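Take a look at the structure set out below.
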2 protein chains.
Amino acid sequence: MPAAKKPRKSAIDPADFKGRAATINDIARLAGVSKKTVSRIINRSPLVREETRERVEALMREVGYTPDPLARGLAFRRSFLIGMVYDNPTAQFIVNMQYGALDALRGSGFELVVHPCDSRSPDYIDGVRRFVQQQKLHGVMLVPRVSEDQALADMLASIGCRYTRIAAVALDAHSRMVITHDRDGAAEAADYLQTLGHRDIALITGPGAYRSAIERTEGFVDALSRRGIKLPKSRVLEAGYTFESGVAAAEKLLSAKDRPTAIFCENDEMAAGVYRVALRMGISIPRQLSVIGYDDSPLASRLWPPLTSVRRDTRDTGRIAAAMLIQSEDDLRGRPVASVRPHLVARDSCQPPEA
Amino acid sequence: MPAAKKPRKSAIDPADFKGRAATINDIARLAGVSKKTVSRIINRSPLVREETRERVEALMREVGYTPDPLARGLAFRRSFLIGMVYDNPTAQFIVNMQYGALDALRGSGFELVVHPCDSRSPDYIDGVRRFVQQQKLHGVMLVPRVSEDQALADMLASIGCRYTRIAAVALDAHSRMVITHDRDGAAEAADYLQTLGHRDIALITGPGAYRSAIERTEGFVDALSRRGIKLPKSRVLEAGYTFESGVAAAEKLLSAKDRPTAIFCENDEMAAGVYRVALRMGISIPRQLSVIGYDDSPLASRLWPPLTSVRRDTRDTGRIAAAMLIQSEDDLRGRPVASVRPHLVARDSCQPPEA
DNA sequence: CTGAAAGCGCTTACAG
DNA sequence: CTGAAAGCGCTTACAG
């Protein structure tokens, strides 16, 4: 009978577990501690001796152990999933928000599960509730425009689900908000146009029911007013954040005898609509008409001339919103409110008005 | 002592469970069967008497019971999550694929978890493996271009993970493929240009390492050749599926003395680059130059003139790929291979060549 | 067709 | 600072 090999730490390898992954029991046994101690280490409890923690953590790394999120979820009564809830923003916005959220989640053991919905549907809140409760979500990110729906936030609070709301202004407790300061972005556009010498300026807004549109409108109008320019009602047209609605608004503005020398559009899609109409009518951008958009989407640099636009760091926004959901609520308290600031990206679609 | 109320079935409501959700034990107790029978019903086992099944199902509906995916996942050693793995396609493509996948998953109890990655990174396959194993994913959808990576597919097979690959041609067993027939889409573009009377045609391709680009190129070249048009090497430029690479290729093609009368671009981004160069050089589309793109992205209708493009039903593709993952493997066997056909959407960017 | 026992891999509540 | 017992809500393997 050959002498039993002396087990050396460095001899442990995943193959020891015959194809199955290591469990908390394997770690406890190999480390010579109870599974509860291992559990404490997994959950970063301070109630573990430093030497023990280091030894067990080294072992975990060696065998490539990661705790099973299903088992942890079952015991915690809460999964390691973060939900992202949104209602049809542009594709680039969704994707950037997802990339940002995943930046924050990488290496944390949390994963991102996506939930588009239709906020005009009467039972969409119920749909979100089922999504959250059935999956026992750890938390959800609410993206504009669903982030603006107080009834949705109230429902989530009532079932004890953590959430972060991404919106132009603080609609909720600071620990639940990421503020995008749309008012400031629009104000920057206004200042820029005034500085270039424009006085006869028009505004194509998003839908009045959207908080982002309200803020961009007020930010733009107020900033112009601070610089002594009054925007008459006839120069403000409400549209729908779509290309087609931008076309319709531009047709009204540009077919009038006294057309404006500059137009600020509250998103890039509508600015593309203005380009379309200007091209059709033989109005040269920027010589005869300056145009500014909002979003700085890929479209902005595909247009000719490249569109000056207010950039928002959507990826950063998503990263912050997700990071807040996986922080301890203590860490969140007492911090300044999370915010992401927009800024103007000047390209070639603006110049001083013709004499 | 008041007489105990006789429990009527219709009197059961979720509040009976004092805030906590009903469990399989509640259902079993209330229905007067064992939890194993309830489990059989959840899992659609045929080994349950019809009357029993109906009675229990009615009860489940009444109390709003849904099985806990964490508990089921722990017992099954497999979660109810479908992963979507991709490496930076366009935003619209990703989002449409996600919508499609969610169409298939809705009401199934499965959810979609997203996993973008960088296939140029040496350890990206390892990253996908950790993602799959840690979350115990039920299956993953592989989107181009990661779908074309045989090493990735092999790794998934080796760890026993179900997958579906979306690609231009069958790269794998039929039960694991959704075929997009890019060759046919490109051929349709070729036929259209030939029918319009073009003979001097150019092609701007995607990267030669992409299967989609290979197929679109061969489909286009072969279709022209069948119609008696030979595409000289000098008329075929490889680009990178990006706007900028489209600009560069267009500059070469359009600055030559004998420029082509039509250009087929293997995606819309590159077609937008051709538009940019044509505009700068004063070449009128479609009068002096016909252009066709591929994807039929939103960009196609934002351009002026609206771009003729090969549409692919990405949402449908995603729906089929996800549906295959949650079907039983028996159901999948013996079926014809899943496929989605592209088709040309004619807009205003093509006309017969000038005399 | 139905059920009692054991187990999936963790955590909580309690004890020391 | 550490541990033994019970439990999270399901399924598997076995028995009848």
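Just so we're clear, the structure is a prediction, and the values are computed from it rather than from any experiment. A note on names: the letters A, B, ... follow the listed sequences, proteins ahead of strands, and every chain is numbered from 1.
Taking 4.0 Å as the cut-off between side-chain N and carboxylate O, B:Glu51 and B:Arg55 count as a salt-bridged pair.
In terms of position along DNA chain D, the nucleotide closest to A:Leu74 lies nearer the 5' end than the nucleotide closest to the other residue of the pair B:Asn43 and A:Leu74. Along DNA chain C, the nucleotide nearest A:Ala71 and the nucleotide nearest B:Arg49 are compared for position; the residue whose nucleotide lies closer to the 5' end is B:Arg49. Residues B:Val33 and A:Ile24 both approach DNA chain C. Their nearest nucleotides, taken by heavy-atom distance, put B:Val33 toward the 5′ side.
Partners of A:Ser158 by side chain to side chain contact (heavy atoms under 4.5 Å, CB included), not counting sequence neighbours: none found. When the salt bridge (charged side-chain N to carboxylate O under 4.0 Å, His left out) test is applied to B:Arg44, no partner is found at least two apart in sequence or on another chain. For B:Arg53, the salt bridge (charged side-chain N to carboxylate O under 4.0 Å, His left out) partners two or more places apart in sequence, or in a different chain, are B:Glu50. The salt bridge (charged side-chain N to carboxylate O under 4.0 Å, His left out) check on B:Asp154 picks up nothing, with sequence neighbours excluded. The side chain to side chain donor-acceptor pair (under 3.5 Å) test applied to B:Arg165 returns B:Gln150, B:Asp172, not counting sequence neighbours. Among residues two or more places apart in sequence or in another chain, the salt bridge (charged side-chain N to carboxylate O under 4.0 Å, His left out) test is passed with B:Arg40 by none.
Residue contacts for B:Pro46: at a heavy-atom cut-off of 4.0 Å it reaches the sugar-phosphate backbone alone, with no base atom in range. Residue-level contact check: A:Tyr65 touches the backbone only, with heavy atoms under 4.0 Å from sugar-phosphate atoms and none from bases.
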List, one per line, each side-chain donor-acceptor pair under 3.5 Å for residues 122-129 of chain B, sequence neighbours excluded.
| unit_1 | atom_1 | unit_2 | atom_2 | d |
| --- | --- | --- | --- | --- |
| B:Asp123 | OD1 | B:Ser121 | OG | 2.6 |
| B:Tyr124 | OH | B:Asp149 | OD2 | 2.5 |
| B:Asp126 | OD1 | B:Arg129 | NH2 | 3.3 |
| B:Asp126 | OD2 | B:Arg129 | NH2 | 3.4 |
| B:Asp126 | OD2 | B:Arg130 | NH1 | 3.3 |
| B:Arg129 | NH1 | B:Gln133 | OE1 | 2.8 |

Donor-acceptor pairs are to be reported for all side-chain atoms of residues 97-110 of chain A against protein atoms at under 3.5 Å, with residues two or more places apart or in another chain.
| unit_1 | atom_1 | unit_2 | atom_2 | d |
| --- | --- | --- | --- | --- |
| A:Gln98 | OE1 | B:Gln98 | NE2 | 2.9 |
| A:Gln98 | NE2 | B:Gln98 | OE1 | 2.9 |
| A:Asp103 | OD1 | A:Arg106 | NH1 | 3.3 |
| A:Asp103 | OD1 | A:Arg315 | NH2 | 3.0 |
| A:Asp103 | OD2 | A:Arg315 | NE | 2.7 |
| A:Asp103 | OD2 | A:Arg315 | NH2 | 3.3 |
| A:Ser108 | OG | A:Leu105 | O | 2.5 |
| A:Ser108 | OG | A:Phe110 | N | 3.1 |

**OP:** Dot-bracket notation for DNA chain D is requested: 5' to 3', Watson-Crick or G-U wobble pairs only, both distances under 3.5 Å, with ( ), [ ], | and . as defined.
**Re:** |||.||||||||.|||
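Reading DNA chain C from its 5' end, the first and the last nucleotide to sit under 4.0 Å from a heavy atom of chain B are C:dC1 to C:dG9.
Pairs passing the side-chain hydrogen bond (donor to acceptor under 3.5 Å, both in side chains) check and including a residue from residues 77-87 of chain B, sequence neighbours excluded, read B:Asp87-B:Ser119.
Contacts between residues 34-42 of chain A and DNA chain D, defined by a heavy-atom separation below 4.0 Å, involve A:Ser34, A:Lys36, A:Thr37, A:Arg40, listed by number.
Using modelled atom types and a 3.5 Å distance limit, the side chains of B:Asn43 and B:Arg72 yield a donor-acceptor pair.
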